[in-house]
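A quick write-up on the structure given underneath.
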Amino acid sequence: MVYSQKESPGSRRLLLSCLLLAAWGTGSGQLHYSVPEEAKHGTFVGRIAQDLGLELAELVPRLFRVASKERGDLLEVNVQNGILFVNSRIDREELCGRSAECGIHLEVIVDRPLQVFHVEVEVRDINDNLPRFSRQEQRLDILESRMPDSRFPIEGATDLDIGVNAALRYKVNPNEYFDLDVKTSEEETNILELVLKKILDREETQEHHLLLMAIDGGKPELTGTVQLLINVLDANDNAPEFVKSIYNVKLLENTPSETLVIKLNASDADEGINKEIVYFFSNLVLDDVQTKFKINSTSGEITVKGELDYEDRKLYEINIDAVDRSAFPLAGHCKVIVKLVDVNDNVPEMAITSLFLPIKEDAPLGTVIALISVSDRDSGENGQVTCSLTPHVPFRLVSTFKNYYSLVLDSALDRETTPGYEVVVTARDGGAPALWATASVSVEVADVNDNAPAFAQAEYTVFVKENNPPGAHIFTVSATDADAQENARVTYSLVERRVGARALSSYVSVHAQSGRVHALQPLDHEELELLRFQVSARDAGEPALGGQVTLQVFVLDDNDNAPALLGPEAGVQAAGVSQLLWRSVGAGHVVTKVRAVDADSGYNAWLSYELQPEAGGARSPFRVGLYTGEISTTRALDEADAPRQRLLVLVKDHGEPALTATATVLLSLVDSGQAPKAPSRSRALVDAAGREASLLDVNVYLIVAICAVSSLLVLTLLLYVALRCSAASPTEGACGPGKPVLVCSSAVGSWSYSQQRRHRVCSGEGPPKADLMAFSPSLPQGPSSTDNVKSFRLIWPGLHKETHFLFVNLVIYILYFSE
Ligand SMILES: *[C@@H]1O[C@H](CO)[C@@H](O)[C@H](O)[C@H]1NC(C)=O
Ligand SMILES: *[C@@H]1O[C@H](CO)[C@@H](O)[C@H](O)[C@H]1NC(C)=O
């Protein structure tokens, strides 16, 4: 910029004269001019020739010239008029910089005579330079935490001008945070500082933009500006914050490890490490929480670590600190409340607290057998336990109190039917799915002596052959007792009674333990055909119970009695007795009858009579009825027959082997003239014959009556046999001791069909014999029996038993009447 300055001629003149005087005064003739910088080309500086006292005309001839050491071309002299003027732009700042004095030194030289003049041209400053800042913008980093009145230096501007042109003032645009404070130092330089008026908040405004203006003192004033960029640095003045202060989380118990519970998210308004948050369990967190949960300090994820058990603990409170990473960290807090939700994970527990076992079979209903308590650690439905029992047991559960039960007897027990029960108690909770537990109780039923010893049959029929050895085992009774142990330990004893004149115990004995029945002495069929007695069985219970069985011991006949001869003079007859006989009697005359009995029965008592042949071999005129024993004549006697006849009659039973007796009958034959020696006998015989004739009519009726009774009996028997066969036991074919069975009894007598025969075959005990026995227990027995009675004992082998009976009866009567 070029400034031209016009000075008034008066003042110039005064100034020039002063300068001249001064120049002369120094002797060197120095001139001073002044010119403002930036003057235009041709700007007048001074009349240099005149001022030096030189004539204008002389200038050229004397070679007037101006030389400048530095920048000689800046000023020029017009040799025509001797005026110094500005030749080219003069910049004071370029020429002299910031020095206060600035001049251009000119040497003016003229020849002939050579003269040198020094001219000083002062360059005056004009305000041509702006205040200037070294940078376009200035950056300042200020921590937000700085206190008010904190000062921050900023760089000022420079002005190339000098003096007032370079005297700078400053100002910033108005703002609420900063003031500008300018101090001037001794060196006249400015010290600029920004003063904080109020606390900064990075979180509110991170950057402040200010405009700093420098204004110089020139006229007109020039300004320079610079941007102040104030960056607010973060201070850790914000604590991390959670959105909520309490987080509620529901979690199923038994949630596996590593399951995410919650992801926490705290935020921090700060920045940098001041907003980097790490999460921790607070110091308030108890140890047991730390064993169950863990937190990822960087992600804020809380995960399950241990086993969560609702039954152990239902609620966890976890205090969390969120801390930033700054050197002076701040923390935020929250609380996570973890509520566990019950899962049906606990099996009901069952305890049998008391057992009252064994239970007696006669225990009354409602007797308590066991006390049971149940529990379930779960809650709600999951912890509601119901108990049940195995079906079909005579027990039931009674709830005595919540979760307490007693097992009581519900129906009557019988140890003999069921000696024990395995009772299973099931406890089931109400969860879905339900869990259950079982406990089993072995209920042992204790025996009570409620069963008497029992025999398989009320009555047993035993057949024993007479003449048994003393002490022979004849039968074994056996009673069973359904009870146990002592209550079932049966002992046997004889029910004592009198048998005739003797005690029963003299016949038989029973072994107390084994029940073996022994005959103490040889039994005699002829003395005792049937021994009927009772054996009692008692158990060892308290009180003892007993039972009885009847034994019918039939003493079977053995052929142990020889036929015995009877008669008024039996002993004599046996020895041989003489009998008188008319020689005139015809053939078929019954002379006498040999009477014999056999104490045995059946075949053994069935006698037959035989005439022993005479030693002489002569043909005897007598014969004896095979079964009647009647001796009769076979022909008419004649003189040839010896007057004394001796007949030997052999009486033989049908036993095996047969026993015999021999009767000797002596007959004396008398002629008609001779007086009979024994008329009584003959008369008796005749009388008997007459009586027989009169009795015949009566006997016909008798036969009819007996036959009627017999046919009734036959009918009954037939009916019975039919029934018997249809209900035949399957074991009948087996070979064993053969259970004798009583068949029937009637008014006439008892009939007994026995399996004795088969029994004998099996035991190899003698030849098979009678199938049937007919007897009459009501009739007197023993050797004193009459013939009629004896005749009932006849048995005809090989015939069907009914017909046999009929037949035998008929035979008996035929024999009777034929006599
Ligand atoms: C955390 O919360 C902030 C604001 O509340 C949200 O912007 C950010 O996405 C959240 N982060 C996560 C991981 O939830
Ligand atoms: C924590 O979480 C971060 C990010 O989710 C993951 O990279 C880091 O492995 C986790 N740390 C642990 C110890 O699990």
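Atoms within each ligand, like the ligands themselves, are counted from 1 in listed order.
Which parts of ligand 2 touch Thr298 is read off a 4.0 Å heavy-atom cut-off, strictly below it: atoms 1 (C), 2 (O), 3 (C).
For atom 7 (O) of ligand 2, no protein heavy-atom neighbour is present inside the 4.0 Å cut-off. For atom 2 (O) of ligand 2, a protein heavy-atom neighbour is present inside the 4.0 Å cut-off.
Taking CD1 from Ile230 and NE2 from His208, the interatomic distance works out to 7.0 Å, rounded to the nearest 0.5 Å.
The pair Glu193-Arg151 meets the salt-bridge criterion, with a side-chain N (NZ, NE, NH1 or NH2) lying under 4.0 Å from an Asp/Glu carboxylate O. We find that Lys275 and Asp234 are not joined by a salt bridge, their nearest charged nitrogen and carboxylate oxygen being 4.0 Å or further apart. Checked for salt-bridge contact, Glu258 and Lys294 meet the test: a charged N lies under 4.0 Å from a carboxylate O.
In this structure, atom 10 (C) of ligand 2 lies nearest to the protein heavy atom Asn296 ND2, 2.3 Å. In this structure, the protein non-hydrogen atom closest to atom 4 (C) of ligand 2 is Ser299 CB, 4.0 Å.
Each of Asp216, Asp125, Asn129 was scored for a side chain to side chain donor-acceptor pair (under 3.5 Å) with Asn165, with one residue passing: Asp125.
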